[in-house]
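Working notes for the structure below.
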Amino acid sequence: MSETLLEVKDLRTQFKRGKKDWITAVNGVSFNVNAGEIVGLVGESGCGKSVTSLSVMRLHNERLTKISGSIKFGGKEVLDLTTSEMQSMRGNEMSMIFQEPMSALDPIMRIEDQLAEAISLHNSNMSKAEIHERCVNALKLVGIPEPEMTLRNYPHELSGGMCQRVMIAMAMSCEPKLLIADEPTTALDVTIQAQILALMEDIRNRRNTGILLITHDLGVVAETCSRVIVMYAGNIVEEAPVKELFANPQHPYTEGLIASVPRLGKRLHRLPSIPGSVPDLSVMPEGCRFAPRCKYAQDSCKQKLPELQTVAEGHRCACPFYRNAREGAQQ
Ligand SMILES: Nc1ncnc2c1ncn2[C@@H]1O[C@H](COP(=O)(O)OP(=O)(O)OP(=O)(O)O)[C@@H](O)[C@H]1O
Ligand SMILES: [Mg+2]
């Protein structure tokens with residue numbers, strides 16, 4: 001068994017809305033990430049993927065956010081850390097690549113200054129020459145061909161793919177054990193996307209980094225991840241090893257997501273999609289949140305939020321009418 005890096009239990013994240021109201025964006029999610037594995041976190045826009053990852057990094061505005069449950073990193077409770085302990089854990093032990101690469105780079109600072117700042121924050125006794133060497137190595141690690149030249153550039157002088165590589169270099173510069181990558185390739189074209197994903201796999205292989213890869217691209221998940229977590233409206237609805245999830249999806253939501261992906265070489269006039277949309281946080285349906293869009297929903301689904309249950313080895317699903325149960329009932 002590989003080492004468990006991150007252990008999230010019953011994480012609930014609420015945001016303040018108005019004077020007294022709190023809305024729940026993440027509603028009790030539990031999952032693990034182990035060293036050396038790439039775990040995919042998928043779900044439609046607004047399902048709570050970014051809120052989950054920002055909660056793990058404790059990057060929400062703490063005055064306007066309530067986080068409960070448990071987030072253990074290397075056995076330590078992240079929610080109990082002081083602000084300065086948290087700062088040292090970020091970057092040193094866990095790091096994040098953000099959804100918008102350009103917004104995370106400072107447009108008026110040269111790449112070297114930004115990278116050096118990130119490195120020296122966690123290595124206060126390093127000399128200038130040592131920091132420079134670390135910067136060069138960080139860019140080499142992400143396959144930037146002329147690191148010395150790139151270090152002198154400003155972000156606007158680089159392409160989107162290069163900026164994303166610099167972001168990954170920054171995130172990896174302190175050799176974190178866990179990397180959270182929030183849609184790291186969404187803004188890039190397909191060939192660059194493939195290079196960035198190959199790069200992340202390479203880093204994982206060389207450093208045994210655990211990676212939580214957030215994406216809504218199931219093709220990316222199929223190619224890169226070993227395990228997948230599916231979120232819907234603030235809950236985890238299914239979790240399985242990647243091959244098992246695609247071969248044998250159990251939750252009606254996962255079935256719908258997979259059915260809406262175009263297959264290579266297969267021309268479809270219209271892709272089937274899941275009718276309806278993700279519910280608004282302030283008007284969450286009672287019971288199963290997917291029930292209003294689900295073709296298998298029964299009256300009982302609208303009463304109680306279904307819990308995740310184990311349906312096969314390593315495979316959890318939050319639906320009493322999961323596929324195997326439905327098919328079993330028909331026989
Ligand atoms: N700081 C915040 N304050 C209030 N509501 C928020 C905040 N951040 C996110 N939300 C809400 O929480 C819900 C989940 O948002 P989140 O950004 O996690 O979605 P996502 O799954 O990452 O979607 P996408 O695929 O579009 O990135 C959304 O309804 C969003 O509007
Ligand atoms: Mg997001």
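Order of appearance sets the numbers: ligands from 1, and atoms from 1 within every ligand.
Ion pair Glu239/Arg316 flagged as a salt bridge, since at least one NZ, NE, NH1 or NH2 atom sits closer than 4.0 Å to an Asp/Glu carboxylate oxygen. Between Glu7 and Lys9 a salt bridge is recorded (basic side-chain N to carboxylate O distance below 4.0 Å). A salt bridge is defined here as a Lys NZ or Arg NE, NH1 or NH2 lying under 4.0 Å from an Asp or Glu carboxylate O, and Arg207 with Glu175 meets this definition. Using a 4.0 Å cut-off between charged side-chain N and carboxylate O, Arg293 and Glu44 make a salt bridge.
Distance from atom 23 (O) of ligand 1 to its nearest protein heavy atom, with residue and atom name: Gly46 N, 2.8 Å. Remark: minimum distance from atom 26 (O) of ligand 1 to any protein heavy atom is reached at Ser45 OG, 2.4 Å. Of all protein heavy atoms, the one lying nearest to atom 27 (O) of ligand 1 is Gln99 NE2, 2.8 Å.
Linking Ile, Leu, Val, Met, Phe, Trp and Tyr whenever their side-chain heavy atoms come within less than 4.5 Å puts Leu79 and Leu59 in one cluster.
Here Ser45 fails the criterion, with no N, O or S atom under 2.8 Å of the Mg ion (ligand 2).
The six-membered or imidazole ring of Phe321 lies away from that of Tyr296, with a centre-to-centre distance of 6.0 Å or more. Taking the six-membered ring where the residue is Trp, the centroids of His60 and Phe15 are separated by under 6.0 Å.
Comparing Lys49, His60, Met231 by heavy-atom distance to atom 25 (O) of ligand 1, the nearest is Lys49. Nearest to atom 7 (C) of ligand 1 by heavy-atom distance, out of Tyr232, Phe15, Trp22, is Phe15.
Heavy atoms of Gly43 stay at 4.0 angstrom or farther from ligand 1.
Checking only distances, Ala25 never comes within under 3.5 Å of ligand 1, N or O to N or O.
Under the 4.0 Å distance rule, the nearest protein heavy atom to atom 30 (C) of ligand 1 falls outside the cut-off.
For ligand 1, the atoms sitting less than 4.0 Å from at least one non-hydrogen atom of Leu281 are 11 (C), 12 (O), 13 (C), 29 (O), numbered in the order shown with element in parentheses. Of all the atoms in ligand 1, the ones that sit under 4.0 Å from a non-hydrogen atom of Ser50 are 17 (O), 18 (O), 20 (P), 22 (O), 27 (O). Within the listing of ligand 1, atoms 8 (N), 9 (C), 12 (O), 14 (C), 15 (O), 16 (P), 18 (O) sit less than 4.0 angstrom from a heavy atom of Val51. In summary, the atoms of ligand 1 found under 4.0 Å from a heavy atom of His216, numbered by their order in the structure, are 25 (O). Here is the list of ligand 1 atoms found below 4.0 Å of a heavy atom in Cys47: 19 (O), 21 (O).
In this pair, Tyr253 and His251 present their aromatic rings perpendicular. The plane angle is above 60°, beyond the 30 to 60° band.
The line from CG of Leu179 to CD1 of Ile168 is 7.5 Å long, rounded to the nearest 0.5 Å.
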